[in-house]
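Since the structure comes first, as structure tokens, the remarks are kept for the end.
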Amino acid sequence: MASAEPESAKEAPPPPPSTAPRGRVNLSLVDFGLRFVLFAAAVSSVVVIVTSKQTVVGKLRGVPPGFPVQAKFDHSPAFIYFVAALSVAALYGLVTALASVSVIAKPNLSTKFLLHFAVWDTLILGVVASATGAAGGVAYIGLKGNSHVRWDKVCYAFDKFCRHIGGALAASLFASVVLFSTPAYSVRKQARLGIESMGLHLLPIDAALKIASSLQASDICSLGCCSRFCKQLCDSDYLWESLTRERWPYINVASSTGSSSSTLAQSPISMGWKSFYIQRHIEISRRAQAAVKFIEQYSPSSPIEGGDYLRTIVGLWDLKLSFIDAQMVLFKPHLNELLNLVGLHYCQSWLQVPGNEIIEALERCKISERQVSVKWWKLGRWFYGFRMRDEQQTRRVSLAALVAEEGEDVLEVLSRGAVNEVLRVQVSVGEPFASN
């Protein structure tokens with residue numbers, strides 16, 4: 001008679017994260033406000049510099065007394081460029097502010113405008129910044145002069161004109177700061193609309209959790225960076241408990257047997273499944289580095305003895321590495337081929353992972369064609385009362401071939417080590433061994 005599953009074991013999904021927009025900043029209103037401020041700052045800068053006309057008599061050195069001298073913005077090409085650039089920025093700010101109003105009124109138009117906003121904001125920012133720099137250089141010469149080229153300062157005489165230029169430059173700098181901020185809001189709004197266009201926040205919470213549960217841990221972390229709703233969804237214990245039990249199946253066994261190792265399953269209750277998963281991942285990676293360092297001490301030209309090789313695999317079993325752990329720690333292309341072999345052998349012989357899954361993992365990690373050399377000595381056969389010379393065999397095979405039928409004999413020798421008729425086993429990543 002089948003036993004009924006206890007009700008406590010049927011854990012319901014966590015309560016849905018709040019999808020209400022309470023406290024959520026309306027980026028469209030912020031964008032409209034910034035663009036209106038840009039328009040106001042640019043218009044102010046243009047008006048201030050255009051009205052900077054000043055005429056002085058007898059104040060400028062080198063000019064005969066009673067001779068009037070006039071200062072206007074159009075006397076300098078830099079100031080003319082400044083007025084033209086800020087006029088374009090003012091027109092751009094007005095047009096984009098009106099476009100932002102249409103986006104607020106018709107949100108379905110957002111995707112059509114936001115990308116264009118970001119591109120044109122950057123372009124106009126470059127124009128305004130260059131005009132501000134050019135006008136600022138000329139204004140500095142008028143204020144301080146340049147003794148090296150004997151350019152005399154003039155602001156002591158044209159004080160009103162210089163004050164107008166300074167005010168226009170300050171307004172232009174403020175407009176540049178606003179233009180620097182607007183692309184950030186456009187990109188953030190585009191990212192939010194990208195998530196909303198997926199309709200994820202419109203789904204029932206159990207359906208959204210079901211979709212997210214099909215992702216890997218790294219993908220869930222990436223999804224959680226997309227929006228506030230996705231972050232709340234991806235922090236759910238329901239997802240991380242599933243990932244934890246999938247990666248470390250023995251936690252399920254420990255929690256159901258009530259053994260002393262059940263603390264592995266009880267600790268997430270206090271810290272949360274996500275924190276437990278991250279802490280466990282860091283601990284496994286740290287402890288597995290001992291095996292990595294042990295193998296890496298062997299140079300490519302020096303073989304590792306079969307006994308040391310098997311002790312390394314036993315150490316991985318003591319760590320209770322799962323198939324996913326082995327892929328993350330040992331199936332890396334930049335590691336020694338011996339480490340790839342240790343991970344393959346551990347998954348095949350100790351974890352009993354099907355060969356096709358191991359081959360898929362090797363191909364996914366781009367290490368399936370890496371090769372290792374295995375050499376072993378077998379006890380010589382007896383012939384008419386005489387023992388013949390010990391036999392020596394060397395095989396160089398790829399990692400993918402070890403999982404297939406052609407590599408079964410090599411993997412069997414590696415699994416048994418130096419026992420019975422096999423006197424010695426060596427493994428190397430270099431070319432086949434020279435005779436000892």
Side-chain angles (χ1 to χ4, degrees), residues 5-27 107-108 110-111 114 187-256 264-285 320-329 331-332 353-354 357 360-361 363-365:
E5 186 179 1
E7 293 296 330
S8 59
K10 298 180 179 179
E11 298 181 3
S18 175
T19 59
R22 181 174 51 189
R24 184 174 178 176
V25 178
N26 191 326
L27 295 182
N108 60 326
S110 297
T111 55
L114 290 176
V187 171
R188 184 175 178 184
K189 180 66 176 177
Q190 181 69 35
R192 178 181 293 180
L193 288 175
I195 294 301
E196 292 177 352
S197 64
M198 294 167 53
L200 193 61
H201 68 296
L202 301 177
L203 294 175
I205 185 59
D206 54 347
L209 288 171
K210 185 65 176 178
I211 294 174
S213 64
S214 63
L215 302 176
Q216 299 295 326
S218 58
D219 298 326
I220 290 178
C221 293
S222 300
L223 179 62
C225 298
C226 294
S227 70
R228 186 174 303 172
F229 171 81
C230 290
K231 184 180 186 305
Q232 293 175 347
L233 179 72
C234 294
D235 285 344
S236 169
D237 275 349
Y238 178 78
L239 293 178
W240 290 99
E241 179 181 2
S242 175
L243 288 171
T244 302
R245 296 188 184 279
E246 178 184 359
R247 181 170 175 180
W248 299 292
Y250 56 84
I251 291 182
N252 283 327
V253 177
S255 61
S256 61
L264 290 174
Q266 296 298 328
S267 56
I269 297 178
S270 57
M271 69 172 61
W273 283 98
K274 181 178 180 180
S275 300
F276 175 78
Y277 183 96
I278 295 174
Q279 179 179 330
R280 182 70 177 168
H281 171 78
I282 295 174
E283 180 184 357
I284 287 290
S285 301
K320 295 188 180 297
L321 259 65
S322 66
F323 183 41
I324 299 178
D325 292 330
Q327 295 178 63
M328 290 183 174
V329 177
F331 283 12
K332 295 181 178 179
V353 178
E357 295 185 14
E360 290 178 1
E363 293 176 348
R364 184 168 57 252
C365 298

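Scope of the values below: all heavy atoms of this structure, side chains included, with no hydrogens, waters or symmetry mates. Counting begins at 1 with the first residue of the sequence.
Inter-residue side-chain proximity for S285 and I282 is flagged as unmet; no heavy-atom pair is nearer than 4.5 Å. By the 4.5 Å heavy-atom criterion applied to side chains, R247 and L243 are not counted as neighbours.
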Note to self: For a salt bridge (Lys or Arg N to Asp or Glu O under 4.0 Å) check, start with the C-alpha distance between E360 and R364, then their side-chain angles and the critical distance, and finish with the verdict.
What the structure shows: CA-CA 6 Å; E360 290 178 1; R364 184 168 57 252; 5.1 Å; no

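Residues satisfying the side chain to side chain donor-acceptor pair (under 3.5 Å) test with Q279, not counting sequence neighbours, are none. Take Y277 and apply the ring pair (Phe, Tyr, Trp, His ring centres under 6.0 Å) test, not counting sequence neighbours, and it matches W240, W248. S213 is linked by a side chain to side chain donor-acceptor pair (under 3.5 Å) to nothing, counting only residues two or more places apart in sequence or in another chain. V329 pairs by the side-chain contact (heavy atoms from CB on, under 4.5 Å) definition with A288, V292, not counting sequence neighbours. For the salt bridge (Lys or Arg N to Asp or Glu O under 4.0 Å) test, residues two or more places apart in sequence or in another chain that qualify with D235 are K231, K274.
In this structure a side-chain-to-backbone donor-acceptor pair under 3.5 Å is present from D237 to W273. For S214 (side chain) and I211 (main-chain N/O), a donor-acceptor pair under 3.5 Å exists by modelled atom type.
The CD1 atom of I220 sits 5.0 Å away from atom CG of L239, with the distance rounded to the nearest 0.5 Å. Atom SG of C221 sits about 11.5 Å away from atom CD of Q216, to the nearest 0.5 Å. A distance of 5.5 Å separates SG of C365 from CD of Q327, quoted to the nearest 0.5 Å. In this structure, the separation between CD1 on I284 and CE on M328 is 11.0 Å, given to the nearest 0.5 Å.
No hydrogens or angles considered: nothing links the side chains of S222 and D219 as a donor-acceptor pair under 3.5 Å.
Heavy-atom minimum distance, G224 versus C234: N-SG, 3.7 Å.
Under a cut-off of 6.0 angstrom, the local environment of CD in E357 is crowded, with over 12 non-hydrogen atoms contributed by other residues, nucleotides or ligands.
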